[in-house]
2 protein chains.
Amino acid sequence: MRKVIEGVTEMLLNRNIKPSYQRIKVLEYMMNNRIHPTVDQIYSALQNDIPTLSKSTIYNTLNLFIDAGLVRLITIEENETRYDIDTSNHGHFKCVECGEIYDFSINIDDLEAKGISNFKINDKNVYFRGVCSKCHKM
Amino acid sequence: MRKVIEGVTEMLLNRNIKPSYQRIKVLEYMMNNRIHPTVDQIYSALQNDIPTLSKSTIYNTLNLFIDAGLVRLITIEENETRYDIDTSNHGHFKCVECGEIYDFSINIDDLEAKGISNFKINDKNVYFRGVCSKCHKM
DNA sequence: TATATATTTGTAATGATTATAAATTAGGAT
DNA sequence: ATCCTAATTTATAATCATTACAAATATATA
């Protein structure tokens with residue numbers, strides 16, 4: 001049995017999203033750069049490929065992807081919205097020194113959450129803040 | 001042995017914050033209304049007591065409290081910053097129907113976070129989103 | 001090819017937060 | 001009590017991210 005790697009165009013079509021050039025490029029960028037980018041990072045990176053690109057398009061596209069479950073919003077800091085192509089359950093660590101966001105695996109479902117029984121839970125988020133090993137050495 | 005209840009004025013003095021009228025009122029509000037309020041909620045609630053109150057003061061005061069470790073920032077939604085007087089380790093649940101934020105207790109330290117060994121962790125945050133039992137019934 | 005629809009773009013509007021400077025308040029020294 | 005200094009509050013302007021909107025462009029269909 002062979003695992004078929006889903007291309008970005010197929011990813012979009014599977015979710016009934018028309019694969020326009022801009023959408024393909026944004027999704028491609030997120031697949032290839034797993035850095036939980038901000039809108040500005042995506043915008044800057046794609047300007048070579050799409051000189052006429054508008055920031056509105058990035059916002060539109062990302063909101064579309066979120067609704068389709070293709071990407072996830074990360075709001076560790078109030079002023080800095082980031083987007084994650086990895087929608088599986090995992091935690092995020094933000095280094096307050098270098099600003100980088102690291103993924104870590106965590107079994108959130110193992111935890112018992114007292115006080116919210118009978119609540120319908122849609123999504124779970126875990127994020128830590130601190131200093132990463134790289135910055136800690138210095 | 002008797003548990004001495006710390007008054008808001010003492011809470012401020014203990015952290016070397018001058019207990020001005022505005023600061024006392026903001027802290028008092030947060031102690032008496034454990035609803036993870038927004039700046040606007042605090043502002044509206046205090047206008048009877050302090051008719052000349054400015055929103056800048058609320059922002060200044062809350063930032064001061066955060067630096068002093070008196071309150072904690074909650075950023076579940078990107079556009080909606082909330083403040084929590086309970087700085088102990090606990091989780092937050094936001095109901096997408098009624099908007100209310102519930103506390104729940106959770107032992108985050110029981111979890112093993114793979115991939116960030118040797119990282120210095122300053123704070124841990126857990127938040128869930130979904131529908132609360134009240135809204136779910138309807 | 002013509003027409004309808006979807007997408008992208010650029011600009012303006014919105015809203016939350018911060019910056020700044022003036023006004024007010026509080027505290028200490030005389 | 002009065003004066004002086006420093007801290008705090010206030011009001012306004014500035015900033016910045018995001019959304020709204022309408023025109024322009026591209027795409028699909030008949």
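Letters go in sequence order (proteins before strands), and every chain restarts at 1.
Classification of A:Glu100 and A:Lys94 as a salt-bridged pair fails, no side-chain N sitting under 4.0 Å from a carboxylate O. A salt bridge links A:Lys55 to A:Asp40: at least one charged side-chain nitrogen sits closer than 4.0 Å to a carboxylate oxygen. Classification of B:Arg72 and B:Asp123 as a salt-bridged pair fails, no side-chain N sitting under 4.0 Å from a carboxylate O.
Atoms NZ (B:Lys18) and C1' (C:dG27) sit 7 Å apart, rounded to a whole Å. The nearest whole Å value for the distance from the CG atom in B:Asp40 to the P atom in C:dT17 is 8 Å. Rounded to a whole Å, the CG atom of B:Asn16 is 14 Å from the P atom of D:dA7. If you take OH of A:Tyr43 and P of C:dT8, they are 15 Å apart, rounded to a whole angstrom. Atom CZ of B:Arg23 is separated from atom C1' of C:dT25 by 12 Å (rounded to the nearest Å). One can place CD1 of A:Ile24 at 19 Å from P of C:dA6, the figure rounded to the nearest angstrom. As a whole-Å value, the separation of B:Glu78 CD from D:dA17 P is 13 Å. Between the CG atom of A:Leu13 and the P atom of C:dA6 there is a distance of 17 Å, given to the nearest Å.
Using a 4.5 Å heavy-atom cutoff, the side chains of B:Tyr83 and B:Val39 are in contact.
Of the side-chain N and O atoms in B:Thr81, one or more sit less than 4.0 angstrom from OP1 or OP2 of C:dT17. Listed pair A:Gln22 / D:dA26 fails the phosphate criterion, with no side-chain N or O lying under 4.0 Å from OP1 or OP2.
Under 3.5 Å, the side chains of B:Asp103 and B:His92 contain a donor-acceptor pair of N or O atoms.
The backbone N or O of B:Ser88 sits less than 3.5 Å from a side-chain atom of B:Asp86, completing a donor-acceptor pair.
Contacts with DNA chain C (heavy atom under 4.0 Å) in residues 52-74 of chain B: B:Ser56, B:Tyr59, B:Asn63, listed by number.
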